[in-house]
Amino acid sequence: MTGKRILVVDDEPKMRELISLYLKKENFQVVTAGDGLQALEELEKGDNFSLFIIDVMMPNMDGFTLCKEIRRISQKPVIFLTARGEEYERLMGFEIGADDYIVKPFSPREMVARVKAVLKRTETALETAGKQTYGDLTIDVEGREVKIEHDTLSLTPKEFDLLVYLVKNPGKVLSREQIMNHVWDYEYYGDQRTVDTHIKKLREKLGEKTEKYIKTVWGVGYKFELE
């Protein structure tokens with residue numbers, strides 16, 4: 001992970017300085033921006049960032065809007081920072097493509113640990129290269145692309161990781177806790193309905209032909225099974 005570039009976007013100079021200090025201690029390259037517009041200016045110079053750390057509440061362009069803009073050109077992981085920890089806000093962040101959520105105030109060491117965990121999970125997924133076909137589904141793990149026959153689906157990073165986890169465990173019933181711990185890569189203390197929300201969105205995008213592959217096991221969780 002040494003040398004990976006991270007874009008830190010926060011309107012508080014002291015917060016940017018603190019995050020940069022701890023990331024640089026771990027040999028990350030850090031670029032900072034004071035708001036979403038400045039962040040987009042950095043992105044225009046080239047999509048060579050490995051991860052984005054974005055504050056939710058910022059002037060000019062908030063973190064959610066910035067994340068949507070980033071997702072137009074990049075599928076690199078996004079970690080949100082927020083001074084609030086409401087469930088609806090976390091769910092909204094995950095739905096638009098966030099990979100993790102950190103509530104302020106936070107431990108800088110924990111922040112670094114989460115950055116490493118997200119990057120490790122991303123790298124692990126890329127190591128499982130090649131295209132895999134499941135019925136009408138074709139999943140390109142390295143290219144992070146999913147197709148139904150010849151149509152490419154537009155999945156968020158979390159939806160993609162969730163689908164890959166399910167298909168790698170065919171016929172196995174996975175509890176919501178297992179899914180949270182694997183896909184989100186840390187113990188999640190919030191409502192496990194986050195999994196249900198992502199399953200619902202994923203089924204909608206898969207459509208009638210392939211949504212049936214994801215089975216609900218009432219009272220337990222979900223499993224991937226070809227008919």
Side-chain angles (χ1 to χ4, degrees), residues 71 75 77-80 85-103 110 113-114 116-227:
R71 285 290 169 253
Q75 294 301 313
V78 171
I79 296 178
F80 275 130
E86 287 89 347
E87 178 188 347
Y88 77 89
E89 190 175 74
R90 293 197 304 271
L91 292 176
M92 183 185 300
F94 288 135
E95 287 177 12
I96 65 176
D99 293 81
D100 203 348
Y101 223 107
I102 302 177
V103 178
E110 179 186 358
R114 292 196 179 193
K116 290 182 176 180
V118 170
L119 287 173
K120 181 179 179 181
R121 184 177 67 246
T122 303
E123 291 175 351
T124 300
L126 290 176
E127 287 173 0
T128 312
K131 295 182 179 180
Q132 303 170 35
T133 300
Y134 306 87
D136 298 315
L137 280 176
T138 299
I139 302 176
D140 181 353
V141 179
E142 184 175 12
R144 294 186 70 82
E145 183 178 75
V146 176
K147 288 186 177 182
I148 298 178
E149 295 182 341
H150 301 294
D151 297 326
T152 301
L153 302 186
S154 177
L155 302 183
T156 68
K158 271 291 172 287
E159 290 166 352
F160 180 86
D161 292 341
L162 173 58
L163 178 60
V164 170
Y165 182 50
L166 290 171
V167 300
K168 284 185 177 179
N169 294 275
K172 180 180 179 180
V173 179
L174 301 170
S175 69
R176 291 172 177 82
E177 182 179 3
Q178 285 177 299
I179 294 172
M180 289 299 302
N181 288 339
H182 182 89
V183 177
W184 276 261
D185 205 29
Y186 65 93
E187 188 173 356
Y188 182 74
Y189 294 100
D191 197 321
Q192 291 184 358
R193 285 179 297 177
T194 299
V195 174
D196 300 333
T197 300
H198 280 73
I199 290 287
K200 179 181 178 181
K201 293 286 186 180
L202 184 56
R203 281 173 168 161
E204 290 175 354
K205 293 182 178 181
L206 290 175
E208 294 182 359
K209 290 186 66 177
T210 51
E211 67 173 349
K212 59 188 178 182
Y213 296 158
I214 300 177
K215 311 287 187 181
T216 299
V217 181
W218 298 108
V220 183
Y222 300 94
K223 69 177 178 177
F224 181 85
E225 187 173 77
L226 294 178
E227 293 185 345

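Treat the numbers as computed from the prediction; the structure is a model and nothing was measured.
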Kindly compute the distance separating [atom1] ([X]) from [atom2] ([Y]), expressed to the nearest 0.5 Å.
X: Ile199; Y: Thr194; atom1: CD1; atom2: OG1; answer: 12.0 Å
X: Thr138; Y: Glu149; atom1: OG1; atom2: CD; answer: 9.5 Å
X: Ile179; Y: Leu162; atom1: CD1; atom2: CG; answer: 6.0 Å

Does [X] have any salt bridge (charged side-chain N to carboxylate O under 4.0 Å, His left out) partners at least two apart in sequence or in another chain, and if so, which?
X: Glu110; answer: Arg114
X: Lys223; answer: Glu225
X: Glu208; answer: none

Between Asp196 and Lys201, is there a side-chain N and carboxylate O pair less than 4.0 Å apart?
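So Asp196 does not pair with Lys201 through a salt bridge.
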Applying salt bridge (Lys or Arg N to Asp or Glu O under 4.0 Å), run through Asp100 and Lys158 and close with a yes or a no.
CA-CA 10 Å; Asp100 203 348; Lys158 271 291 172 287; over 6 Å; no
Run the ring-ring contact (aromatic ring centres under 6.0 Å, His included) test against Tyr165 and tell me which residues pass, sequence neighbours left out.
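Partners of Tyr165 by the ring-ring contact (aromatic ring centres under 6.0 Å, His included) criterion, ordered by chain and then number, come out as His182.
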Who are the ring-ring contact (aromatic ring centres under 6.0 Å, His included) partners of Phe80, not counting sequence neighbours?
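ring-ring contact (aromatic ring centres under 6.0 Å, His included) list for Phe80, sorted by chain: Phe64, Tyr101.
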Shortest non-hydrogen contact between Arg71 and Asp99, atoms and distance
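Reported closest heavy-atom pair: NH2-OD1, 3.5 Å.
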Looking at side-chain heavy atoms only, is the closest gap between [X] and [Y] below 4.5 Å?
X: Phe94; Y: Thr197; answer: no
X: Lys147; Y: Glu145; answer: yes
X: Met180; Y: Ser175; answer: no
X: Val146; Y: Leu137; answer: yes

Residues forming a side chain to side chain donor-acceptor pair (under 3.5 Å) with [X], sequence neighbours excluded:
X: Thr216; result: Arg203
X: Lys205; result: Glu159
X: Asn169; result: none

Got a sec, which residues hit side-chain contact (heavy atoms from CB on, under 4.5 Å) with Val167, two or more places apart in sequence or on another chain?
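For Val167, the residues satisfying side-chain contact (heavy atoms from CB on, under 4.5 Å) (neighbours in sequence not counted) are Tyr134, Ile139, Leu163, Phe224.
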